[in-house]
Asker: 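Below: one structure in structure tokens.
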Amino acid sequence: MKKIIFLIILTISYLCVFAKQDDTVKVMQSDKVPVIDGISNDIAWNETSWQSIDQVWIPWGDYVDSSDYYGNYKVLWSPEKNLLYFLFEIYDDVWVDGFEFNGSNESYNYDIIEVFIDQDNSGGVHIFDDKVVGTISEDAFSYHISIDFPSEDSVNSNFVALDFDGTGWANNLIINYANHFPELALRKSGDKYCWEFSLKVFDNTYDNESPEASRVILKQNDIIGLSVAYCDNDDPNETPKLRDNFFGSVFVTEENYNNHWMNSDDYGILQLIGNPTSVKSSKHESQTNFEVYPNPSYGNLKYSVKNEQLGELNIRIFNILGQQVYKISRSKNNYENSDNLNLEFLSSGTYIISAEINNITLNRIFNFLEN
């Protein structure tokens with residue numbers, strides 16, 4: 001028995017250390033953008049898979065218990081708004097804020113999130129102006145997003161998003177890129193901190209004097225470099241402040257454990273995909289519960305649709321190209337309809353499952369892994 005318990009603990013520890021965001025995060029197009037209010041109940045978020053922020057970058061390879069910190073995020077895109085949308089859910093037992101921007105960047109010693117983005121996934125050094133030192137990633141940013149938190153269950157939208165600029169260490173600048181984020185909200189509920197925001201994307205012609213001139217038009221199949229991270233300080237009373245842990249969404253080597261802020265070579269990857277079935281508006285939407293599990297699936301997938309609607313229920317599965325690969329129809333005569341689907345014919349990958357009844361269509365993303 002002791003040996004079994006040890007193996008279970010070892011397995012959990014292994015997953016905590018080595019779980020990371022997908023090798024390529026499939027970012028679904030949303031026809032309904034979320035309301036930026038720090039509440040994760042929007043229909044658009046329900047269709048999008050969580051990605052982990054649990055790689056311990058500092059101290060590299062360390063183990064941190066989930067009672068101290070646990071984090072994940074979601075991302076989607078809107079062609080209508082031409083924006084990326086992010087949702088972070090961070091569970092942190094101690095919140096340390098109070099950073100004041102005075103021209104320098106010590107924000108990483110407080111509890112903040114970081115977003116590392118490289119518009120064309122080209123990689124390269126991005127810390128200073130490429131026109132002077134010859135780097136190639138003027139489209140890459142490492143946003144350090146800091147905010148003072150208000151009272152319980154209220155929202156704060158007064159923030160800074162800091163990154164380096166200038167031509168070298170002799171004349172480096174810290175720029176506040178908050179105007180790259182049209183909307184941002186942070187809401188606290190107990191130890192849960194819900195960050196929600198939208199983000200503009202720029203190409204390698206970026207110039208602080210005229211940023212909109214370099215803004216890109218997001219489109220399906222775009223490949224974007226992206227990682228996210230969380231800085232965690234566990235002692236609100238220390239002076240000066242000092243970061244205890246740094247958590248990221250992708251694996252990094254011990255040699256490059258803290259390179260993201262200046263080099264985009266190790267960023268993760270996003271691919272923008274379409275939405276094969278649009279979510280249709282209905283007064284019954286909020287009364288519908290559509291669940292699929294387990295996720296990922298290794299052969300069988302169970303769905304459950306709970307609502308007051310009766311009639312023909314269509315269950316469809318689409319690949320990331322929007323091609324239908326599976327369909328069944330059921331007669332829904334009760335509040336709940338559920339079934340097990342044998343999907344062993346699928347190849348490993350990301351899929352969208354759609355439930356359609358009357359004027360309601362709901363989508364969920366799931367991952368299928370071949371045994």
Asker: Is the shortest distance from a Lys or Arg side-chain nitrogen in Glu106 or Lys241 to a carboxylate oxygen in the other one below 4.0 Å?
Answerer: no

Asker: Does atom CD of Glu255 have more than 12 heavy-atom neighbours, drawn from other residues, nucleotides or ligands, at distances under 6.0 Å?
Answerer: no

Asker: Kindly indicate whether the side chain of Lys81, heavy atoms from C-beta on, has any atom under 4.5 Å from the side chain of Ser198.
Answerer: no

Asker: Is Asp265 reaching over with its side chain to a backbone N or O of Gly124, donor-acceptor style, under 3.5 angstrom?
Answerer: yes

Asker: Checking the side chain of Asn233 only, and the main-chain atoms of Ile112 only, is there a donor and an acceptor separated by less than 3.5 Å?
Answerer: no

Asker: Please find the pair of heavy atoms, one from Gly274 and one from Met28, that lie closest to each other, and give the distance.
Answerer: O-CG, 4.1 Å

Asker: Does a side-chain heavy-atom distance below 4.5 Å link Leu184 with Ile145?
Answerer: yes

Asker: For the backbone of Val35 and the side chain of Asp42, can you confirm whether one donor and one acceptor N or O come within less than 3.5 Å of each other?
Answerer: yes

Asker: Nearest heavy-atom pair of Ser40 and Lys192: which atoms, and what distance?
Answerer: OG-NZ, 4.3 Å

Asker: Please determine, by modelled atom types, if Glu89 and Trp50 share a side-chain donor-acceptor pair under 3.5 angstrom.
Answerer: no

Asker: Report yes if the distance between the aromatic ring centroids of Phe99 and His144 is under 6.0 Å, otherwise no.
Answerer: no

Asker: Identify the residue among Phe141, Phe247, Phe116 that makes a ring-ring contact (aromatic ring centres under 6.0 Å, His included) with His260.
Answerer: Phe116

Asker: Please check if any side-chain donor atom of Asn367 sits under 3.5 Å from a side-chain acceptor atom of Thr350, or the reverse.
Answerer: yes

Asker: Carefully, step by step, assess Trp261 and Phe164 under the rule ring pair (Phe, Tyr, Trp, His ring centres under 6.0 Å).
Answerer: CA-CA 9 Å; Trp261 64 276; Phe164 281 101; 5.6 Å; yes

Asker: Provide the closest heavy-atom pair for Thr205 versus Ser214 in the form atom of the first, atom of the second, distance.
Answerer: OG1-CB, 3.1 Å

Asker: What I'd like to find out is whether the side chain of Asp163 reaches to under 4.5 Å of the side chain of Ser142, using heavy atoms alone.
Answerer: yes

Asker: Quick one: does Ser264's side chain have a donor or acceptor within less than 3.5 Å of a partner on Tyr267's backbone?
Answerer: no

Asker: Has the side chain of Asp118 got a donor or acceptor atom that lies under 3.5 Å from a matching backbone atom of Gly123?
Answerer: yes

Asker: If only side-chain N and O atoms count, and only distance matters, is there a donor-acceptor pair under 3.5 Å linking Asn337 with Tyr303?
Answerer: yes

Asker: Measuring only between side-chain heavy atoms, which start at C-beta, is Tyr110 closer than 4.5 Å to Ile147?
Answerer: no

Asker: If only side-chain N and O atoms count, and only distance matters, is there a donor-acceptor pair under 3.5 Å linking Glu336 with Ser304?
Answerer: yes

Asker: So does Trp45 get a backbone contact from the side chain of Lys74, meaning a donor-acceptor N/O pair under 3.5 Å?
Answerer: yes

Asker: Quick one: does Asp235's side chain have a donor or acceptor within less than 3.5 Å of a partner on Asn237's backbone?
Answerer: yes

Asker: Hey, quick one: are Ile269 and Val25 part of the same hydrophobic cluster, counting side-chain heavy atoms closer than 4.5 Å, chains of contacts allowed?
Answerer: no

Asker: Would you indicate whether the side-chain heavy atoms of Asn82 and Arg215 approach each other to under 4.5 Å?
Answerer: yes

Asker: Is the shortest heavy-atom distance from the side chain of Lys302 to the side chain of Ser338 under 4.5 Å?
Answerer: yes

Asker: Inspect the contact between Lys200 and Glu212 and indicate whether a charged nitrogen and a carboxylate oxygen are less than 4.0 angstrom apart.
Answerer: yes

Asker: So which heavy atom on Ser227 is nearest to which on Ser249, and how close?
Answerer: CA-OG, 3.6 Å

Asker: Report yes if some heavy atom in the side chain of Phe290 is under 4.5 Å from a heavy atom in the side chain of Ile357; otherwise report no.
Answerer: no

Asker: Out of curiosity, Leu173 CG to Ser104 OG, how far, rounded to the nearest 0.5 Å?
Answerer: 12.5 Å

Asker: Decide yes or no for Asn258 and Trp57: does some side-chain heavy atom of the first lie under 4.5 Å from some side-chain heavy atom of the second?
Answerer: no

Asker: Looking at the rings of Tyr143 and Phe181, which for Trp means the six-membered one, are their centres under 6.0 Å apart?
Answerer: yes

Asker: For Thr361 and Asn363, test the side chains for any donor-to-acceptor distance below 3.5 angstrom and give the result as yes or no.
Answerer: no

Asker: Using a distance-only test with no angle check, is there a side-chain donor-acceptor pair under 3.5 angstrom linking Asn208 and Tyr206?
Answerer: yes

Asker: For Trp195 and Phe88, I'd like to know if the aromatic rings sit close, meaning centre-to-centre distance below 6.0 Å.
Answerer: no

Asker: For atom CD of Glu80, decide whether the heavy atoms of other residues, nucleotides or ligands shown that lie under 6.0 angstrom number more than 12.
Answerer: no

Asker: Got a sec: does the CZ of Phe101 have more than 12 other heavy atoms crowding it under 6.0 Å?
Answerer: yes

Asker: Starting at CD1 of Ile39, measure out to SG of Cys194 and round the result to the nearest 0.5 Å.
Answerer: 8.0 Å

Asker: Linking I/L/V/M/F/W/Y whenever their side-chain heavy atoms sit closer than 4.5 Å, directly or via other members, would Val115 and Ile175 fall into one cluster?
Answerer: yes

Asker: Going by atom types only, do Asp92 and Tyr230 share a side-chain donor-acceptor pair under 3.5 Å?
Answerer: yes

